[in-house]
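First up is the structure itself, then whatever we jot down about it.
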Protein chains: 2
Amino acid sequence: MGDGKPATIYDVAARAGVSKSLVSLVLQRSPRVSDQRRAAVLTAIQELDYRPSTAAVSLAGTRSRTIGVVLDDFRNQWFVDLLTGLREALQDQGHRLVVADRFLNTGLDASPVEGFLSMRVEGIVIAGEPTTDLAIPASMPVVIAGGRVSIPRADTVANDDRAGGGMAAAHLLDLGHTRLGFLGAGSAASQERRAGFEGAAAAAPAAAGPVTVAVAVLPGEPTEEAGSRALGALLDEHPDVTAVFAANDVMALGALSELAERGLRVPEDVSVIGYDDTPVAATRYVGLTSIDDRSVEIGRGAGERLLARIADPGLAATESLVEPRLVARRTTAPR
Amino acid sequence: MGDGKPATIYDVAARAGVSKSLVSLVLQRSPRVSDQRRAAVLTAIQELDYRPSTAAVSLAGTRSRTIGVVLDDFRNQWFVDLLTGLREALQDQGHRLVVADRFLNTGLDASPVEGFLSMRVEGIVIAGEPTTDLAIPASMPVVIAGGRVSIPRADTVANDDRAGGGMAAAHLLDLGHTRLGFLGAGSAASQERRAGFEGAAAAAPAAAGPVTVAVAVLPGEPTEEAGSRALGALLDEHPDVTAVFAANDVMALGALSELAERGLRVPEDVSVIGYDDTPVAATRYVGLTSIDDRSVEIGRGAGERLLARIADPGLAATESLVEPRLVARRTTAPR
DNA sequence: TTGTAGGCGTTATCAA
DNA sequence: TTGATAACGCCTACAA
């Protein structure tokens, strides 16, 4: 089957002995086609290994049936789950997903959005915090998934960081810890998580005695390095802390290594809890208790919002929060 | 700037007071255009925020300038580096990269390749082992990046697993270890890495005494669980082993946790070395010595091969190997 | 150097 | 239920 040029709709029509229009109708699953003709067209398609040209389809059709997903960075694994959710909501509705990170196809286009606009996507999903230089036309349906910063006419679907922080505190309180610590950095998420953590700690029933929360927040990115330094600073000032909550898993990892270097055992001496439930946390070797931000749900929600917005561009922007979930592993234990 | 429909080449032509052809020439950076007209067209493009429709371009043009990348799984982080290399080779030559994993757009198309064929990509890069159900037409230029199994007319660019295994052995021998262990699973890569490891161990200068390699190979996937079990089996039979080489980082992680459970310290009691140099290995907390398979190089090589094959489809298939590199961290130490 | 006209592979609109 | 025929937005000879 050495195939030269791919077959076109004309080839199929000729082979099936019908007009191109009829083939098009069959392609679109129109019910207004006789079973006989339909069968003929279908077999011709099979025999020719015909496949409609997406270029021709989106050029001639009224909609491109394509939606673009802007990832901040392929290295942030959470996008994998996000995509799963998006697929469920979008793909099953006949939409094609095209993903790009900040660098993919840079050079051809200034930003991934440029490329999407050229493709005439029907909508755009921005994963994570939107950067201001994205330059998305006002008429383009947009939804931000997993980011808190909202841009003018975009819906936002994000994890409820405050609730997650509360869950972390509740978990540690349940285990009997009363001298807690928080490790944070200079991100909006970190602030929200801290607020939730402190709020829940403060609201704890006074029965078990006073609950204290020592805090170490470093400016800058929430890196492993920052986690190590924050833990060091925290412990230097409050050596009696028995459980720490890090703003994310990466920082928690830094805390773990710093604890090991100080000869403190986890969870015997100090319990540690992270946030994001990254793949590393789930490994047996690390086994980090963490807050699952439910990225699949976020993706599904974002997809549904986008669909709604595409159907009715006039819709008011909404902000919805997805309830996180605590995943207990071996880095937390009863006091 | 409420923009309704995107501007077309007609709009630009009208605005600049020239023909559509002239606009097209400017778009293609043709030198045969007067500076005056060019300037007029360029400003019209700016003012209208015009962007050529990729659909129309690829439909009217002779080439789509698009190449498809099939990822086995977005969770395998190595593709990030692979993409970096591919970008360098392809994107800079004006090619657009479209990525898809096994599931992206499934439902619309049976396989990611289906989608690529519809897009009329000029070539396909398969990352990792190609599955046989890919159904790629013989006329489509294909290169396999990072996989050993080759399909009929495809070039292959992969990591030299055998050399990597040798490096692992050399490193351990350098550190004075003589009772080595290998932890493997049922993959082709595992076999090659083992062969290289054993080969280098056998070729070691007899000066430092005899070198032994105990082996534990489990059937199935090289998972963390498999790593734990393999290490257990190995140590049960050969308690005197002082250094182990795992077929990949994930298995090495399993080995690390099993060692911890057995009360053995790393690297004081046992040195551990993995393969792939995954992000987890590079964290301070894990700090796993590993073999970097140089995915960026593989991507660049694959991109170049693909370019060559697109230019001359008649080219004979080649297989090239990229030399890996050892990255020493804290899980290996002198005996 | 610039403009005219045809065609790329579909969908969409009308007739038949 | 089918079949012409005109778009869709751009490239590419070919002419001017």
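Keep in mind it's a predicted model, so treat the numbers as computed, not measured. Side chains are part of it too, since the values below use all heavy atoms of this structure and drop only hydrogens, waters and symmetry mates. Per chain, numbering begins at 1; letters A, B, ... match sequence-line order.
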Q.
One thing to verify: whether R87(B) and D101(A) come together as a salt bridge, which I'm taking to mean a side-chain N less than 4.0 angstrom from a carboxylate O.
A. yes
Q) Between R32(B) (CZ) and dT2(C) (P), how many Å, whole number? A) 12 Å
Q. Between E47(B) and R15(B), is there a salt bridge with N-O shorter than 4.0 Å?
A. yes
Q.
Using a 4.0 Å heavy-atom cut-off to protein, can you give one letter per nucleotide of nucleotides 7-16 of chain C, 5' to 3': B if the base is in contact, S if only the sugar-phosphate is, - if neither?
A. BBBBBB----
(Q) Quick test of your reading of the model: are D292(A) and R294(A) salt-bridged, counting only N-O distances below 4.0 Å? (A) no
Q) Between I45(B) and V12(B), what is the shortest heavy-atom contact and its length? A) CG1-CG1, 3.8 Å
(Q) Is any side-chain heavy atom of D277(A) closer than 4.5 Å to one of D293(A)? (A) no
Q) What's the CG-P distance between L22(A) and dT1(D), to the nearest Å? A) 11 Å
Q) Within the pair R37(A) and dT1(D), is there a side-chain N or O less than 4.0 Å away from OP1 or OP2? A) no
Q. How long is the line joining NZ of K5(B) and P of dC10(D), in whole Å?
A. 14 Å
Q: Using five base pairs at each end, measure the axis-to-axis angle across the helix from dT1(C)-dA16(D) to dA16(C)-dT1(D) and round it to 10 degrees.
A: 30°
Q: For residues I9(B) and P52(B), determine if any side-chain heavy atom of one lies less than 4.5 Å from a side-chain heavy atom of the other.
A: no
Q: Without swapping roles, check the side chain of S21(B) against the backbone of S19(B) for a donor-acceptor pair under 3.5 Å.
A: no
Q) Short question: side chain of D155(B), backbone of A317(B) - any donor-acceptor pair under 3.5 Å? A) no
